[in-house]
2 protein chains.
Amino acid sequence: MNNRRPTGTDVARLAGVSKSAVSRVYAGGFVSEEARERIVEAARILKYRPNNTARSLTTNRSHLIGLAITGLDNQFYPLMVDLLHQALRDAGYRMVLFVTHGEADLDPVLDELLGYRLDGVILASSSHAARVGHECLEAGVPVVMLNNVDPEDRVPGVCTDNVAGAEEIARFLLDGGHRQLGVVSGLEESLAAAERAAAFTRIVEAHGEATVRTECGHFSEDGAYAAASLLLSGPNRVTALFCVTDFMAFFALAAARNLGLEPGRDVAIFGFDDDPISSWRAFQLATFRQPLEEMVATAVDMLAAQIRGQALPMGTRRLAGKIILRLSASFA
Amino acid sequence: MNNRRPTGTDVARLAGVSKSAVSRVYAGGFVSEEARERIVEAARILKYRPNNTARSLTTNRSHLIGLAITGLDNQFYPLMVDLLHQALRDAGYRMVLFVTHGEADLDPVLDELLGYRLDGVILASSSHAARVGHECLEAGVPVVMLNNVDPEDRVPGVCTDNVAGAEEIARFLLDGGHRQLGVVSGLEESLAAAERAAAFTRIVEAHGEATVRTECGHFSEDGAYAAASLLLSGPNRVTALFCVTDFMAFFALAAARNLGLEPGRDVAIFGFDDDPISSWRAFQLATFRQPLEEMVATAVDMLAAQIRGQALPMGTRRLAGKIILRLSASFA
DNA sequence: CACATTTGTGGGAGCGTTCCCACATGCGGG
DNA sequence: CCCGCATGTGGGAACGCTCCCACAAATGTG
């Protein structure tokens with residue numbers, strides 16, 4: 001344990017060259033073929049590996065990207081993390097994870113985000129992410145919002161075209177003959193979710209003969225269950241339900257069944273995201289698929305461009321999604 | 001963008017002290033109250049934040065812990081990541097995430113684990129983690145295995161007492177009168193899962209009148225579905241099924257229903273983990289709860305002890321779990 | 001054959017910290 | 001009054017790398 005790790009100087013000594021030559025081998029410069037071979041061989045013997053910390057200090061690049069994300073209970077997020085991890089790896093970056101729970105967590109996270117010399121930050125938190133984004137912008141740290149939007153439209157970001165998606169679902173349900181519609185909304189701080197609820201409501205209200213009621217599901221299990229239960233019971237109960245996330249829709253399905261209503265027969269239920277478990281036999285949830293691969297790739301591209309120093313057009317890129325019909329809305 | 005971040009020297013100049021004094025404020029040394037105030041004020045004005053990279057270079061501590069974990073589709077893992085993140089945060093560490101998919105991914109990950117001067121590594125990958133563990137050991141990097149065991153018992157680790165858990169499930173099913181039992185096993189590289197299958201089998205075979213058949217579920221959706229379908233059909237189909245992970249059990253539930261068998265009435269199905277969604281109404285899966293909070297806390301403690309330089313007793317700590325009875329095994 | 005040009009090389013400063021050491025103070029006791 | 005001894009302080013080396021610059025050797029040109 002006491003034998004410290006070998007340094008570039010050690011390798012240089014063994015190979016009979018200068019440490020500059022060693023550096024050139026690993027940082028990509030010109031070295032004669034002969035010297036390169038000797039250096040690589042020496043490095044192999046000593047088990048040398050360049051110290052990334054020291055390297056970062058001079059190059060001012062850490063190759064570390066921070067990812068801030070809300071609690072991973074919503075299965076859609078782990079999938080996003082996985083894809084993001086791959087995309088970042090392919091682009092030569094490592095991922096430092098920051099899991100937040102609510103707003104209180106955000107400030108210490110922010111502190112660390114800035115204290116560590118991260119090359120960039122991806123904000124996939126559902127709440128209050130814009131505030132963090134503004135601070136990054138101010139500190140000159142490249143930043144991208146993913147699956148969320150900055151109300152002030154200053155932080156660059158990428159998300160699904162929430163409006164088009166919610167509208168398509170609304171039209172589908174209206175076309176299916178539904179006139180009493182319900183929305184299980186998320187927290188107000190999440191603009192992406194708010195956009196979905198608003199767009200859905202707008203279409204229904206424009207129809208004239210249809211009505212829409214909204215209950216807040218708070219992005220939580222109990223919240224969604226309670227909201228759906230409320231909307232699905234009483235004298236003017238709804239016949240179709242739009243939950244702004246699949247995660248909440250799963251609890252709406254449970255609430256419906258608890259009331260003796262079979263989704264797809266007695267009530268139509270839609271989610272949003274296309275969470276991987278939506279297609280499971282137990283749920284078969286109709287939803288709107290976010291183009292996750294494309295979103296992730298775009299976000300990483302946008303971030304990489306900023307890191308390269310390219311000024312970015314501000315604002316949010318909105319990618320097209322796709323409605324996915326499954327059993328839970330089959331009779332609509 | 002061009003105005004570089006302020007350094008400790010900048011702060012020292014503004015406060016009229018030396019950079020040593022500034023360092024003392026942030027690294028925790030003795031500074032007179034008056035000087036401290038002036039420094040803090042100057043830092044506030046300049047928006048100074050110590051550069052962690054430079055700090056790491058001298059202290060040889062990065063406060064970065066690497067977490068290697070297999071694909072996050074199994075919901076149990078995101079939960080683990082979340083808890084681990086919190087525990088590491090509380091202990092003053094940040095988490096660098098490495099998501100692996102199969103064995104091929106492991107070598108490049110290992111390279112990066114060692115190249116980055118991580119203070120320690122947590123291996124929660126289900127497969128081949130021991131190999132990576134050995135290499136860390138060799139390189140002198142503190143390492144802990146979580147929810148997995150090293151067959152050679154050299155890498156310290158913590159997991160649930162898989163044997164006791166699987167045995168308890170087996171006895172419960174035998175006591176319930178089941179005589180034709182089935183196991184949906186995982187991949188062979190995962191020793192933790194193998195332990196469960198083996199312990200279950202041992203108890204059943206010791207019974208004398210009961211038989212047990214095993215099919216490999218490969219930890220995958222399709223694999224588990226196929227394995228369960230096989231076990232639940234044919235002339236000598238099983239009446240009780242033990243899946244070595246909840247994730248696979250969800251597909252066993254689906255397979256059973258697809259065959260017209262209602263879990264908890266026509267067939268008993270057990271998982272292992274107590275994945276958060278096991279308790280959902282759509283599943284109500286009987287299972288064995290891993291003491292995740294305790295496991296995570298123990299793993300972080302063990303890692304921190306190694307980082308402090310304490311030699312650790314080798315081998316795996318096995319924590320007690322708890323059987324959780326739910327509808328899927330109610331008639332047993 | 002003198003000179004420019006290419007090619008590879010080593011020396012050394014610098015990145016922003018920490019930490020050791022030397023050195024000023026202020027103060028009480030011999 | 002001078003010595004010891006706390007108590008703060010600043011200077012400067014060190015961490016392991018990159019990268020600029022100067023320079024040597026090999027090659028090409030008039």
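The figures that follow rest on heavy atoms only: side chains count, while hydrogens, waters and symmetry mates do not.
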Review point. Do other residues, nucleotides or ligands put more than 12 heavy atoms under 6.0 Å from the CZ atom of A/R317?
Key: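 It does not: A/R317 CZ has 12 such atoms or fewer within range.
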
Review point. Above 12 or not: heavy atoms from other molecules or residues under 6.0 Å from CD of B/E188?
Key: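 Open.
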
Exercise for review: Could you tell me whether B/T7 contacts a base, only the sugar-phosphate backbone, or nothing, with contacts defined as non-hydrogen atoms closer than 4.0 Å?
Suggested key: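 The residue B/T7 makes sugar-phosphate contact but no base contact.
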
Just by modelled atom types, is the [Y] backbone N or O under 3.5 Å from a matching donor or acceptor in the [X] side chain?
{"X": "B/D119", "Y": "B/H63", "value": "yes"}
{"X": "B/R61", "Y": "B/I307", "value": "yes"}
{"X": "A/S56", "Y": "A/N52", "value": "yes"}

Exercise for review: Give, ordered by number, those residues of residues 38-60 of chain B having at least one heavy-atom distance below 4.0 Å to an atom of DNA chain D; if nothing qualifies, reply none.
Suggested key: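 Residues of residues 38-60 of chain B under 4.0 Å from DNA chain D: B/L57, B/T58.
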
**Study point:** Spacing of B/Y116 atom OH relative to D/dG16 atom P, expressed in whole Å
**Key:**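 Atom OH in B/Y116 sits about 17 Å away from atom P in D/dG16.
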
Practice item. Specify the separation, in whole Å, of atom CZ of B/R117 and atom C1' of D/dC17. Key: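 About 11 Å, once rounded to whole Å.
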
Mind checking the [atom1]-[atom2] spacing from [X] to [Y]? Nearest 0.5 Å is all I need.
{"X": "B/E37", "Y": "B/E33", "atom1": "CD", "atom2": "CD", "answer": "5.5 Å"}
{"X": "B/I65", "Y": "B/L97", "atom1": "CD1", "atom2": "CG", "answer": "13.5 Å"}
{"X": "A/I45", "Y": "A/D10", "atom1": "CD1", "atom2": "CG", "answer": "12.5 Å"}

Practice item. Please report the C-alpha distance between B/Y26 and B/Y48 in whole Å, then the side-chain angles of each, then the deciding distance to 0.1 Å, and finally whether the ring pair (Phe, Tyr, Trp, His ring centres under 6.0 Å) criterion is met. Key: CA-CA 11 Å; B/Y26 291 94; B/Y48 168 73; 5.4 Å; yes

Review point. To 10°, what angle do the rotation axes through the five end pairs on each side of the helix from C/dC1-D/dG30 to C/dG30-D/dC1 form?
Key: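 Taking five pairs per end, the axes differ by 60°.
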
Interface polar pairs with nucleotides 8-10 of chain C, N/O, under 3.5 angstrom:
from   : atom 1 : to    : atom 2 : distance (Å)
C/dT9  : OP1    : A/S32 : OG     : 2.8
C/dT9  : OP2    : A/S32 : N      : 2.9
C/dG10 : OP2    : A/S18 : N      : 3.0
C/dG10 : OP2    : A/S18 : OG     : 3.2
C/dG10 : N7     : A/R24 : NH2    : 2.9
C/dG10 : O6     : A/R24 : NH2    : 2.8

Point to revise | Step-by-step salt bridge (Lys or Arg N to Asp or Glu O under 4.0 Å) determination, B/E41 to B/R38 | key: CA-CA 5 Å; B/E41 174 62 10; B/R38 287 223 310 282; over 6 Å; no

